[in-house]
Amino acid sequence: MTNNPMHLGLILMAASDSPDVQILMHSFSAYGFELHLVSDGETALSSIPTLKPDLIFLDVTQPGLSGFDTCLQLKEQDETKHIPVIFVTTPTDTVSTVKGFSVGAVDYVTKPFQIEEVIARITTHLKIRNLQVLLEEIIANLQTEVAERQRAEEALQETMRMVQEANDRMKNDLAAAARVQQALLPDILPTFPGVGFAWTYRPCSELGGDSLNVFPLNDDHVGLYVLDVSGHGVSASLLSVTLSRVLIPRRDPSCLFIQSTGSPDTETLASPAEIATRLNRMFPMSEDGRQYFTLIYGILNIRTGEFRYTCAGHPPPLYLSPNQELRSCEIGNVPIGLFEDSQFDEGIIQLEPGGRLFLYSDGVLEAKNESKEIFGEDRLQKILEATQRGPLQASVDGIVKSALDWTGTQQAQDDLSILAFEWTPAVNTETPTKLDTQVILSHRFSARATDLSPARTMTRTALNNHGWHSDIVEDIVLAIDEACQNIIRHAYGGECDEPITLSIELHDHNLVVVLEDHAPTVSPDCMNPRAFDDIRPGGLGCHFMRQVMNTVSFEPSSTGQGNCLRMVKSVG
């Protein structure tokens with residue numbers, strides 16, 4: 001090779017030295033080519049690895065290994081098969097010219113050399129070779145790029161598969177966590193003479209930070225709370241679940257709700273303020289987590305109607321008296337966990353017979369519409385006043401429906417938690433068996449067959465607590481179940497998520513069962529039973545309900561929509 005800046009390529013020529021060859025060598029140099037001359041084919045083959053020529057001239061008549069054989073060997077090796085070969089022949093040697101093309105030559109020149117012609121042919125074939133080399137490089141680069149893209153796509157597919165697996169695991173974990181959280185909510189609210197409870201919980205996502213519960217403390221007192229952990233998602237849910245576990249009453253001296261006096265015979269209930277103080281010590285807000293929670297916890301005396309409570313940064317409870325006087329019971333305390341030495345005040349609400357108390361989280365008041373206007377306490381109060389004459393659960397559900405309607409999305413922006421109770425004590429405390437009106441059960445559930453079994457269990461438990469004969473209880477449970485199936489089948493036209501509200505009250509010696517739905521209004525004639533000799537399927541359920549209950553009738557719905565079925569059974 002040469003350092004000549006005009007160097008356009010190195011040409012290896014296997015031919016005998018002659019004046020024509022010398023002239024050709026000088027001409028090549030003048031045009032920027034470098035010519036390396038060897039005497040025969042064997043020398044040419046051995047020189048190629050070192051010289052790495054760009055083009056090869058082979059004299060057909062060279063001594064030793066012929067030009068044809070030399071070309072064949074060049075074309076059989078991967079390292080040399082792409083080097084262009086030009087044969088040198090005589091003008092009259094047509095046979096050699098044809099044979100040269102057959103063994104792989106790209107062109108031929110004749111002696112004596114015509115310099116301009118030779119230069120033109122060399123230039124053309126070097127350009128073609130350079131283009132081939134460039135094309136090969138492009139193809140190689142494309143193949144490399146395709147291979148890299150294929151590897152990248154395979155890596156992306158693998159990453160996507162791993163992400164999907166992680167996402168599936170996360171969904172399964174969230175679903176499991178949601179089931180755990182749901183299991184800690186009250187499945188069946190306890191029943192107490194003279195007190196009816198209702199609740200609802202609507203998290204804004206799979207996992208919520210709210211929690212609530214109702215539980216007996218002793219024969220005369222019931223504990224209840226609603227709490228709201230700051231933030232959302234997994235961390236809020238974990239703290240909420242932990243608090244729910246801590247706030248489960250246990251029958252041992254370490255119970256959070258017992259105020260120890262040193263003697264098991266004289267243990268008393270811890271006050272609501274003491275409960276808040278204990279929780280504040282147990283759950284200080286950490287520097288990294290920055291989590292705290294609000295809480296309303298109270299103790300209801302079911303005999304006197306006194307509700308003693310503390311409200312730690314939580315929305316105050318709303319009390320609705322029997323004469324529809326509504327008042328907010330404000331107690332100003334900071335949330336739990338903010339300050340180590342927080343002190344918590346208490347309040348007392350004296351319920352009147354028929355009075356209702358509502359505990360709720362701030363997700364109700366702070367629900368916003370498209371204009372960012374909050375739902376607010378005024379709207380909440382109007383809902384309570386409008387639904388006071390209906391079942392307690394219908395009033396609670398009406399709050400949630402109104403708040404979601406206000407948002408316009410039917411999706412809770414924050415967790416919605418509501419816990420309410422109504423105090424309906426005996427009129428004559430000396431003869432508690434003679435009740436004027438007593439709520440036995442208030443329950444709301446979806447119009448689905450899977451929700452009927454829990455409803456039957458709740459009804460059976462509530463009725464058995466009053467000591468009625470088991471045959472009477474089972475008849476009433478079956479009559480209610482038959483009525484619910486008719487609502488699902490005939491009123492709603494099949495299973496759906498629409499509600500059925502069940503209310504059972506004792507009026508003197510008459511047990512009053514009221515079932516309400518939100519389905520299109522049906523004709524009261526649908527409750528007329530068929531004749532026993534009518535062999536068409538269906539209709540016998542109405543016979544059974546009328547046989548078990550003293551009266552079965554339709555009434556206007558308390559919600560202003562849907563249907564209301566009223567059944568009365570004498571239990572005196």
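Values reported hereafter were calculated over all heavy atoms of this structure, with side chains retained and with hydrogens, waters and symmetry mates removed.
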May I ask you to check whether [X] and [Y] show a side-chain donor-acceptor distance below 3.5 Å?
{"X": "E346", "Y": "S271", "answer": "yes"}
{"X": "D345", "Y": "T310", "answer": "no"}
{"X": "Q381", "Y": "E377", "answer": "yes"}
{"X": "D517", "Y": "N563", "answer": "yes"}
{"X": "N218", "Y": "H221", "answer": "yes"}

- Item | Verdict with reasoning, Y297 to F257, per ring pair (Phe, Tyr, Trp, His ring centres under 6.0 Å) | CA-CA 11 Å; Y297 169 71; F257 302 98; 5.6 Å; yes
Basic-acidic side-chain contact under 4.0 Å: [X], [Y]:
{"X": "D378", "Y": "K382", "value": "no"}
{"X": "K368", "Y": "E373", "value": "no"}
{"X": "R460", "Y": "E474", "value": "yes"}
{"X": "R202", "Y": "D415", "value": "no"}

- Query: Looking at W423, is R356 sitting on its ring face, NZ or CZ under 6.0 Å from the six-membered ring centre and within 45 degrees of the normal?
  - Reply: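 Negative - R356 is either too far from the ring of W423 or too far off its axis.
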Please report the interatomic distance [atom1]([X]) to [atom2]([Y]), rounded to the nearest 0.5 Å.
{"X": "C311", "Y": "I296", "atom1": "SG", "atom2": "CD1", "answer": "4.5 Å"}
{"X": "C564", "Y": "E516", "atom1": "SG", "atom2": "CD", "answer": "4.5 Å"}
{"X": "K401", "Y": "T387", "atom1": "NZ", "atom2": "OG1", "answer": "12.5 Å"}
{"X": "H443", "Y": "I500", "atom1": "NE2", "atom2": "CD1", "answer": "9.5 Å"}
{"X": "L511", "Y": "L506", "atom1": "CG", "atom2": "CG", "answer": "6.0 Å"}
{"X": "Q343", "Y": "T277", "atom1": "CD", "atom2": "OG1", "answer": "6.0 Å"}

- Message: Contact between Q485 and L452 at the side-chain level, heavy atoms closer than 4.5 Å - yes or no?
- Response: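 Heavy-atom side-chain distance check passes, below 4.5 Å.
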- When T461 is tested against each of N464, T457, L463 for side-chain contact (heavy atoms from CB on, under 4.5 Å), which residue passes?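 The side-chain contact (heavy atoms from CB on, under 4.5 Å) with T461 is passed solely by T457 among N464, T457, L463.
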- Taking S417 as the fixed residue, which of L227, D210, V400 is the one that meets the side-chain contact (heavy atoms from CB on, under 4.5 Å) rule?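 So, applying the side-chain contact (heavy atoms from CB on, under 4.5 Å) to S417 and each of L227, D210, V400, only D210 qualifies.
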Whether the side chain of [X] engages the backbone of [Y] through a donor-acceptor N/O pair (distance < 3.5 Å, no angle test) should be reported.
{"X": "E498", "Y": "H518", "result": "no"}
{"X": "D451", "Y": "S446", "result": "yes"}
{"X": "S453", "Y": "T450", "result": "no"}
{"X": "S402", "Y": "I399", "result": "no"}
{"X": "Q350", "Y": "T304", "result": "yes"}
{"X": "N280", "Y": "F339", "result": "yes"}
{"X": "Y360", "Y": "A420", "result": "no"}

- Message: Under the criterion side-chain contact (heavy atoms from CB on, under 4.5 Å), I'd like the reasoning laid out for F197 against E422: C-alpha separation, chi angles, the key distance, then a yes or no.
- Response: CA-CA 7 Å; F197 293 95; E422 182 176 21; over 6 Å; no
- Tell me, with the steps shown, if L247 and N213 meet side-chain contact (heavy atoms from CB on, under 4.5 Å). CA-CA 9 Å; L247 291 170; N213 205 355; over 6 Å; no
- Query: Parallel, tilted or perpendicular: which describes the rings of F307 and F421, with under 30° parallel and over 60° perpendicular?
  - Reply: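 Tilted.
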- Go through the steps for F358 and Y319 under the test ring pair (Phe, Tyr, Trp, His ring centres under 6.0 Å), then give the verdict. CA-CA 6 Å; F358 294 84; Y319 174 60; 9.6 Å; no
- Task: Please test L256 against L279 for side-chain contact (heavy atoms from CB on, under 4.5 Å), starting from the C-alpha separation and ending with a verdict.
- Result: CA-CA 9 Å; L256 186 71; L279 290 173; 3.9 Å; yes
- Please walk me through it: do Y292 and F283 pass ring pair (Phe, Tyr, Trp, His ring centres under 6.0 Å)? CA-CA 8 Å; Y292 60 88; F283 296 94; over 10 Å; no
- Message: Between D475 and M549, is the side-chain contact (heavy atoms from CB on, under 4.5 Å) condition met? List the steps.
- Response: CA-CA 9 Å; D475 285 346; M549 312 300 284; over 6 Å; no
